[in-house]
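Quick note: numbers below take in every heavy atom, side chains included, and nothing from hydrogens, waters or symmetry partners. Predicted, not measured: the structure shown is a model, and the values here were computed from it. Below, read A as the first sequence line, B as the second, and so on, with proteins coming before strands; counting in each chain starts at 1.
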Amino acid sequence: MAIDKFLIEASHIMMFARSIGDPNPIYYDEDYANSTDCEGIIAPPTFAQSSAQFDPNYFLRPKIGGEGWFGSGKEATGMKPSKSEGSGGGGGSAAAGLHAEQHFEYHLPLKAGDVLRATTKPGKSWEKESKRAGKLKFSESVTEYRNQDGELVITATGVGVQTERPVDS
Amino acid sequence: MLKKSEIKIGDSHKETLVEDLKRTQIVQYAGSSGDYNPLHTDEVFTTKIAGYPSVFAHGMLTMGMTGKMITNYVGDGTLKKYGVRFTSQVWPGDTLESEAKIVDIREENGENLVDLEIVTTNQDGVAVITGSATAKIDS
């Protein structure tokens with residue numbers, strides 16, 4: 001899958017930083033950010049994950065109108081998540097499973113105003129037995145984010161796991 | 001940015017990431033990240049269909065909060081690598097602490113770098129994230 005246009009916008013960065021509880025002004029105060037070595041508003045280290053917003057068919061976002069959504073309305077629908085076009089969002093959340101690992105490599109700073117293009121390729125896959133959740137099926141996906149000049153900005157590797165049963169806590 | 005002359009292997013930095021994690025913060029993260037998996041916000045689905053005791057936080061929310069601790073320590077825009085393994089779930093009401101420990105100080109391609117070992121633990125001392133990070137430092 002690919003995301004053609006992942007707009008890196010200051011207001012989205014501000015909301016993302018709030019959601020992870022980070023009050024650092026580098027994420028919302030342009031005057032402050034301009035005065036630092038970063039020379040402007042930058043994105044937090046895990047921001048690339050929010051590229052899911054720019055994936056038109058992201059399977060973990062309800063379609064407009066809610067049709068086919070597996071979350072509950074008045075009651076649970078009993079539907080299973082469709083994982084057919086599971087894009088892995090911003091570099092590999094698990095398709096209909098849990099997120100086991102996430103790795104980022106930063107090649108260039110990610111700045112407000114950048115426009116990224118993301119391409120994802122499957123990586124390795126493997127299986128393991130666990131006491132807490134039965135048979136585990138791991139699969140890796142690797143997403144490359146390139147900027148408007150075609151330069152590689154971030155490489156994100158996600159590992160998803162499908163469990164035989166819910167994980168005992 | 002950390003200075004090579006002011007740090008040594010074994011140095012560490014610790015922060016409380018969140019106290020009594022609110023369900024609403026998990027909703028906020030769903031909205032900002034675009035990951036609307038009902039496992040994180042929909043108690044009916046999560047308990048009745050998926051079979052978990054309650055909704056739980058996105059792993060990426062914990063990784064994001066842990067990232068705040070790291071950038072507070074190493075400075076903004078200095079990270080070269082950041083990776084984690086999600087080792088246990090984070091539930092509403094959890095209080096998380098996170099620590100970065102310097103495991104190496106080195107040079108690569110003319111850049112001065114620091115390698116960190118990262119662990120975030122809950123109020124019971126259980127690791128919810130373990131990982132590593134590499135950041136640029138001043139000579």
Within 6.0 Å of [atom1] in [X], more than 12 heavy atoms from elsewhere:
X        : atom1 : result
Asp37(A) : CG    : no
Glu30(A) : CD    : no
Lys8(B)  : NZ    : no

Interface moiety of [X] toward chain A, non-hydrogen atoms closer than 4.5 Å:
X        : answer
Val18(B) : neither
Ile26(B) : neither
Thr87(B) : backbone

Which portion of Tyr27(A) sits near chain B, non-hydrogen atoms under 4.5 angstrom: side chain
- request: Go through the atoms of Asn24(A) and report whether side chain, backbone, both or neither lie under 4.5 Å from a heavy atom of chain B.
  value: side chain
query: Run the side chain to side chain contact (heavy atoms under 4.5 Å, CB included) check on Leu98(A) and Phe56(B) step by step: do they pass?
result: CA-CA 11 Å; Leu98(A) 297 172; Phe56(B) 52 91; 4.0 Å; yes
How long is the straight-line distance from [atom2] of [Y] back to [atom1] of [X], given to the nearest 0.5 Å?
X         : Y         : atom1 : atom2 : answer
Glu101(A) : Ile129(B) : CD    : CD1   : 11.5 Å
Phe86(B)  : His99(A)  : CZ    : NE2   : 4.5 Å
Asp22(A)  : Met69(B)  : CG    : CE    : 12.0 Å
Lys81(B)  : His107(A) : NZ    : NE2   : 9.5 Å
Glu105(A) : Leu79(B)  : CD    : CG    : 12.0 Å

- prompt: Could you walk me through whether Phe70(A) and Asp42(B) pass the side chain to side chain contact (heavy atoms under 4.5 Å, CB included) check?
  reply: CA-CA 10 Å; Phe70(A) 59 105; Asp42(B) 183 338; over 6 Å; no
query: So, Tyr106(A) versus Tyr82(B), ring centres under 6.0 angstrom or not?
result: no
- prompt: Run the side chain to side chain contact (heavy atoms under 4.5 Å, CB included) check on Tyr29(B) and Phe16(A) step by step: do they pass?
  reply: CA-CA 7 Å; Tyr29(B) 186 77; Phe16(A) 188 91; 3.8 Å; yes
Any donor and acceptor pair, going by atom type alone, linking the side chain of [X] with main-chain N or O of [Y] inside 3.5 Å?
X        : Y        : result
Gln53(A) : Gly31(B) : yes
His12(A) : Ser32(B) : yes
Gln25(B) : Ser19(A) : yes

query: Would a 4.5 Å heavy-atom cut-off, applied to side chains only, mark Phe45(B) and Glu75(A) as touching?
result: no
- prompt: Are Ser88(B) and Arg132(A) close enough that some pair of their side-chain heavy atoms sits under 4.5 Å apart?
  reply: yes
Which atom pair, heavy atoms only, marks the closest approach of [X] to [Y]?
X        : Y        : answer
Thr46(A) : Met63(B) : CG2-CG, 3.7 Å
Gly64(B) : Ile20(A) : O-CD1, 3.6 Å
Asp76(B) : Cys38(A) : O-SG, 3.8 Å

- request: With a 4.5 Å cut-off on heavy-atom pairs, point out which of Pro62(A), Pro109(A), Ser72(A), Gly71(A) contacts chain B the most.
  value: Ser72(A)
Leading residue by heavy atom contact count with chain A [cutoff under 4.5 Å; candidates Pro38(B), Ala30(B), Gly77(B)]: Pro38(B)
